[in-house]
Amino acid sequence: VNLLELVENDGNLLTRLVTDPVLLCDVVYCICKPEADGKGITDEEFGRSMAGDAIDHATHALLDELTDFFPSPRDRANITKVLRATQRVMERTRDLIDERLSDQNLDRIIESALASVRTSSGSAPESSASIPADSRSPN
């Protein structure tokens, strides 16, 4: 992973790090590898420990430290702006998901979707068990 891609390729790496927990864990492990090796922690053990709050804290720590990685004050300022904007978008997205899950109509929407699936599955071909034996083709 080329960490300089944070300022190149339209921030694609930032999006990948924020949305791909496996990639994030791999990057964090590579950064922590000397300490992990000293403690005898394998990459698999490290990955298993990264869940819930641990991965959330690792994400924030990595992104904060990456900002300081860039030698140019202008690049650091731009990365900080991008990170803040990304965090605002992620929080707003979480808020919208929470609102939708709290919607009083959610149960009705789910039932309607399930009814639609049940109706459309009625057009599926019959199973061989429901076809009379004399009309089945020989094996």
Side-chain angles (χ1 to χ4, degrees):
V1 174
N2 179 0
L3 297 178
L4 292 175
E5 286 183 23
L6 279 174
V7 291
E8 301 168 355
N9 300 329
D10 298 325
N12 184 35
L13 178 59
L14 176 62
T15 302
R16 289 177 45 220
L17 286 170
V18 174
T19 60
D20 183 348
V22 174
L23 175 64
L24 179 91
C25 287
D26 287 345
V27 170
V28 172
Y29 178 75
C30 288
I31 293 168
C32 298
K33 189 171 182 340
E35 187 175 346
D37 286 348
K39 294 182 178 186
I41 299 171
T42 67
D43 58 340
E44 291 88 7
E45 292 168 329
F46 185 86
R48 280 193 298 270
S49 72
M50 296 293 283
D53 290 342
I55 199 161
D56 185 52
H57 294 305
T59 302
H60 289 287
L62 174 65
L63 296 178
D64 289 344
E65 290 303 316
L66 283 175
T67 301
D68 294 335
F69 173 75
F70 294 93
S72 164
R74 190 169 180 188
D75 286 344
R76 286 192 306 269
N78 286 336
I79 291 294
T80 300
K81 289 176 188 175
V82 169
L83 289 175
R84 287 185 182 145
T86 301
Q87 289 168 343
R88 283 193 307 271
V89 168
M90 289 174 56
E91 283 304 312
R92 183 63 184 133
T93 301
R94 288 181 184 120
D95 290 344
L96 288 171
I97 290 169
D98 187 43
E99 287 174 22
R100 289 197 177 166
L101 291 175
S102 299
D103 186 342
Q104 298 297 325
N105 295 319
L106 182 61
D107 288 337
R108 182 185 52 77
I109 294 167
I110 292 170
E111 288 303 320
S112 174
L114 289 173
S116 174
V117 169
R118 283 185 213 115
T119 302
S120 66
S121 68
S123 62
E126 295 182 63
S127 71
S128 61
S130 64
I131 300 172
D134 58 337
S135 65
R136 291 186 199 159
S137 50
N139 290 334

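Sequential numbering from 1 along the given sequence is applied to the chain's residues. These figures come from a predicted structure and were not determined experimentally.
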- prompt: Within the distance-only criterion (no hydrogens, no angle test), does the side chain of Glu45 pair as donor or acceptor with the backbone N or O of Thr42 below 3.5 angstrom?
  reply: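 Checking the backbone N and O of Thr42 against the side chain of Glu45, a donor-acceptor pair under 3.5 Å is found.
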Connected via hydrophobic side-chain network under 4.5 Å: [X] and [Y]:
X: Ile79; Y: Val1; value: yes
X: Leu62; Y: Leu23; value: yes
X: Leu101; Y: Leu114; value: yes
X: Ile31; Y: Val22; value: no

- prompt: So, are Arg94 and Glu91 salt-bridged, with charged N and O less than 4.0 Å apart?
  reply: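 A salt bridge is present here (some side-chain N lies under 4.0 Å from a carboxylate O).
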- prompt: Is the count of non-hydrogen atoms from other residues, nucleotides or ligands lying under 6.0 Å from Glu99 atom CD greater than 12?
  reply: yes
task: Give a yes or no on this: more than 12 heavy atoms of other residues, nucleotides or ligands lie within 6.0 Å of atom CG of Asp98.
output: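 Count over threshold, so yes.
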statement: Result for side chain to side chain contact (heavy atoms under 4.5 Å, CB included) between Cys25 and one of Asp20, Asp43, Thr59, Ile55 points to Ile55
If you compare all heavy atoms of [X] against all heavy atoms of [Y], which two are closest, and at what distance to 0.1 Å?
X: Thr15; Y: Thr19; result: O-OG1, 2.7 Å
X: Ala36; Y: Tyr29; result: CB-CE1, 3.8 Å
X: Leu13; Y: Asn2; result: CD2-O, 3.3 Å

field: CG on Leu63 to OG1 on Thr86, rounded to 0.5 Å
entry: 8.5 Å
field: Derivation of the side chain to side chain contact (heavy atoms under 4.5 Å, CB included) call for Thr80 and Arg84
entry: CA-CA 6 Å; Thr80 300; Arg84 287 185 182 145; 3.4 Å; yes
message: Suppose we screen for side-chain hydrogen bond (donor to acceptor under 3.5 Å, both in side chains). Which residues come up paired with Asp95, at least two apart in sequence or across chains?
response: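 If we apply the side-chain hydrogen bond (donor to acceptor under 3.5 Å, both in side chains) test to Asp95, skipping adjacent residues, there are no hits.
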